[in-house]
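Single-structure report; data block below.
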Amino acid sequence: MSQFAGLAPGPFAGLLLADHGASVIRVDRPSSSSIDVLWRGKRSLAINLKIPSGRDALRRIISQSDVLIDPFRPGVLERLGLGPNVFLNGPNEKLVYARITGFPREGKYKDLAGHDINYLAQSGVFSKMLPGPPDRPIFPLNLLADFAGGGIPCALGIILALLERSQSGRGQVVNTDMVSGLRYLSSSPLLHYFNPAGDRYSGPRGTNILDGGAPFYNVYPCKDGQWMSVGCNEPKFFKLFIDKFIESVPEGFQSTFGWTPTPATRQNRQEWPKLRQYLEEGFMTRTRNDWAKLFDGTDTCVMPVLTPEEARDLAGDEGGNGSPFPDVHPRVAFNGTDFNTPSFGGDYYLRPGKHTIEILREFGFSEQERSNLVQDQAIEIL
Amino acid sequence: MALTGVKVIEFAGLAPGPFAGLILADNGASVIRIDKPSSSSNDLLCRNKRSLAINPKVPSGLQILKKMISSADVLVDPFRPGVMERLGLGPEVFLGGNGQKGLNEKLIYARMIGFPRTGPQKSMAGHDINYLALSGILSMLPGTSDRPGFPINLLADFAGGGMSCALGIILALLDRGRTNKGQIVDADMVSGARYVSSFPLIDVQRDPPRSFGQERGHNLLDGGSPFYNVYPCKDGGHVSIGCLEPQFFKNFVELFNKSLSAEFKSAFGWIPTPETQFVLDEWPKLRQYIEKGFLTKSRDEWGKIFHETDACVVPVLKPNEASALLGSNIPVPHPTISGSDRIDTSQTTLQSGKHTKEILQEYGLGERECKILLQDGAIAKL
């Protein structure tokens with residue numbers, strides 16, 4: 001499959017497919033540099049689409065491909081003579097033409113530039129549900145729209161289309177936009193929000209169970225500045241947690257604090273501010289690792305917040321040999337055999353054009369044709 | 001649709017399992033949710049599913065389930081490791097193993113849990129916040145100066161959980177098309193959240209990092225940059241600004257300056273230029289300027305000013321406003337594969353056991369056999 005170089009979502013969709021065995025070519029511009037770290041398992045073809053013979057060459061490659069990922073604004077590839085109709089109505093009706101944009105393709109902002117934070121803004125999920133200080137919500141980096149609402153749905157759509165193709169023999173256009181993808185991802189909170197009988201998101205932002213409003217579903221700093229996560233929503237887990245917590249705070253803490261929570265405190269919203277304070281001050285009496293040890297092996301839903309390095313070591317990706325790349329997940333065997341995620345060879349980036357000649361050769365371009373492309377400046381020799 | 005004819009048995013559970021089942025149902029699969037008899041369900045992710053309430057601990061109930069799973073395409077198991085095995089419904093029963101033939105070697109046996117199946121926490125209870133904690137990404141998320149914030153339960157439960165699990169199932173179905181064999185698909189939310197967060201997790205471990213080299217909250221994408229952020233407006237609404245690229249920042253700063261009153265600008269005593277984007281020392285001033293500037297007009301006024309511009313400034317919509325723009329409160333399945341019918345998204349409740357009788361009849365059980373199940377306590381009512 002061919003995936004045009006672009007920001008986050010396209011590369012991530014490509015990564016997902018490459019991680020499951022697809023042969024992914026990243027189409028770059030010649031003489032460009034790339035800071036894309038999601039290139040594992042891919043190869044790079046650098047081709048100048050402003051040159052007619054470059055466009056022709058790419059058209060030829062796409063005509064022999066199963067999937068194309070188009071991350072550009074509506075109309076860009078059409079103007080280059082590489083739109084879906086060019087392939088689906090002709091040389092490659094089996095092609096899955098996956099288009100990914102930020103804003104909905106038919107909407108108000110369809111032609112505008114934007115980024116994750118803007119798509120988040122338009123989704124409706126940002127304003128009322130994401131936690132943050134009273135005056136504004138906080139965004140979790142660019143994870144929600146770019147990756148969770150973008151790359152993953154795009155890959156999901158591609159695979160569904162491939163499944164459909166195995167029955168129908170035909171490809172199709174699959175359109176993903178990150179506003180809609182994020183909304184779909186957020187189906188549960190949105191359904192709860194709009195449920196007239198519901199109470200999960202009935203309070204202002206930051207006062208509900210899952211958005212930091214509940215003292216028993218939150219993050220607490222410890223004595224050493226690291227954090228513990230507490231997520232004991234259910235009464236039986238809360239009981240286990242509070243019993244253990246009370247017995248673990250230092251002598252004299254209870255009497256100084258002047259109040260002790262009980263399992264029943266969980267249901268008593270009036271006592272939540274006190275409970276929150278109790279937990280805040282209590283967690284401060286030990287280091288994160290101390291707390292982690294105390295709660296290990298219990299059903300208290302209390303876990304240390306790990307740094308990326310610690311998480312990597314726990315995950316044991318690639319046998320714990322220190323690769324920074326999270327392993328593909330979930331792993332699906334193909335052709336009856338499991339596979340190994342390509343090793344991290346130390347290169348964070350894939351140099352644009354690294355595999356241009358190799359790829360052209362594979363697609364049947366003769367030496368003469370390749371040399372013409374060089375002369376036309378459609379490709380360059382590295 | 002892509003999954004028309006695919007039979008899914010989904011054991012009732014929290015968030016991720018139902019969401020995976022929903023994605024399959026949304027693409028045409030027939031999903032039966034297995035509930036406990038006499039239970040109630042507040043699962044909203046139930047559209048177009050049916051419910052069979054049956055007790056696998058009763059031998060006659062177990063027999064029925066075995067029979068159903070033997071002719072199903074997909075099973076979704078949301079329980080802690082060992083639960084299904086103890087019930088006599090473990091994967092080897094269906095997929096075979098140890099020289100034994102299975103009852104249904106084409107079955108995709110999907111297991112969806114929180115902590116990695118073979119890790120130290122495998123038998124512990126947990127929730128989204130705990131999985132995020134172990135993934136390494138929570139430690140990087142912005143929040144307040146003393147702790148990270150978490151985007152409700154979107155990242156682990158839904159992105160790294162349900163959606164990733166569904167992706168795995170569909171990949172396995174694709175693979176089955178070639179091999180005619182099923183497989184186990186193991187999904188856990190710690191690994192899933194890590195994978196979704198590949199980009200920041202990879203970057204932060206670079207030496208030096210490119211995008212996440214500063215302290216939490218001081219990077220480009222976590223609120224550290226004045227031009228990738230959220231700002232309150234005069235009326236309490238918010239705008240998102242995401243102009244990372246120089247040409248977009250230039251558009252923004254010029255239009256923003258033009259839109260602010262002369263009084264404001266002279267009172268502030270400083271005015272940003274396109275170059276300000278690259279002068280880190282000026283960022284605190286820039287942030288203040290933007291912060292104060294946005295407060296001089298309402299969100300919708302700013303929305304109008306920046307409409308049709310490539311400044312990456314877009315209003316933050318409330319849930320009902322986003323719904324109005326996109327056409328429905330309930331997020332529609334996304335992406336939609338061309339040629340698929342419009343899914344009816346109106347069903348938001350599924351009473352436990354609603355289709356027990358209908359389903360048992362479909363599996364060939366007569367009145368007498370159903371009565372026996374009732375007497376045995378395998379089902380609670382018909």
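None of the values given here were measured: they were computed from a predicted structure. To find a chain, count down the sequence lines: A is the first, B the second, and so on, and within it residues start at 1.
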Between [options], the one whose heavy-atom pairs under 4.5 Å with chain A are most numerous:
options	result
V239(B), D203(B), D188(B), L22(B)	D188(B)
K181(B), E308(B), M140(B), R176(B)	E308(B)
N153(B), L220(B), I108(B)	N153(B)

Requested in this report: In plain terms, say whether K128(A) and E321(B) are close enough for a salt bridge, that is, a side-chain N and a carboxylate O under 4.0 Å apart.
Outcome: no

Between [options], who has the most heavy-atom pairs with chain B when the cutoff is under 4.5 Å?
options	result
P11(A), S180(A), P131(A)	S180(A)
A148(A), S188(A), P189(A)	S188(A)
Y193(A), F139(A), F126(A)	F139(A)
E106(A), Q167(A), E280(A)	E280(A)

Requested in this report: List the steps and the verdict of ring pair (Phe, Tyr, Trp, His ring centres under 6.0 Å) for Y195(B) and F12(A).
Outcome: CA-CA 10 Å; Y195(B) 192 52; F12(A) 191 65; 5.5 Å; yes

Grab the two heavy atoms, one from [X] and one from [Y], that are nearest each other, plus how far apart they are.
X	Y	answer
A2(B)	E164(A)	N-OE2, 3.1 Å
S240(B)	N118(A)	OG-ND2, 3.0 Å
L163(A)	L173(B)	CD1-C, 3.9 Å

With rounding to the nearest 0.5 angstrom, report the [atom1] to [atom2] distance, [X] to [Y].
X	Y	atom1	atom2	result
F227(B)	I117(A)	CZ	CD1	12.0 Å
L167(B)	I159(A)	CG	CD1	4.5 Å
N229(B)	R136(A)	CG	CZ	7.0 Å

Decide yes or no for [X] and [Y]: does some side-chain heavy atom of the first lie under 4.5 Å from some side-chain heavy atom of the second?
X	Y	value
I330(B)	L191(A)	yes
V204(B)	T307(A)	no
F194(A)	S323(B)	yes
P335(B)	C154(A)	no
V190(B)	L314(A)	no

Given that the side chain runs from C-beta out, which part of [X] has a heavy atom under 4.5 Å from chain B: side chain, backbone, both or neither?
X	result
N175(A)	backbone
L160(A)	both
Y220(A)	both
L16(A)	both
L17(A)	neither
P140(A)	both

Report task. Look only at the side chain of H329(A) and the backbone of A193(B), and say whether a donor-acceptor pair between them is shorter than 3.5 Å. Result -> no

Query raised in the report: Can you check whether G297(A)'s main-chain N or O pairs, donor with acceptor, with Q121(B)'s side chain at less than 3.5 Å?
Result: no

Query raised in the report: How would you list, by chain and number, every residue that makes a side-chain hydrogen bond (donor to acceptor under 3.5 Å, both in side chains) with T298(A), sequence neighbours excluded?
Result: T300(A)

Report task. Could you tell me whether the side chains of N142(A) and Y228(B) share a donor-acceptor contact shorter than 3.5 Å? Result -> no

Query raised in the report: Can you say whether the rings of F147(A) and F199(B) are parallel (under 30°), tilted (30 to 60°) or perpendicular (over 60°)?
Result: tilted

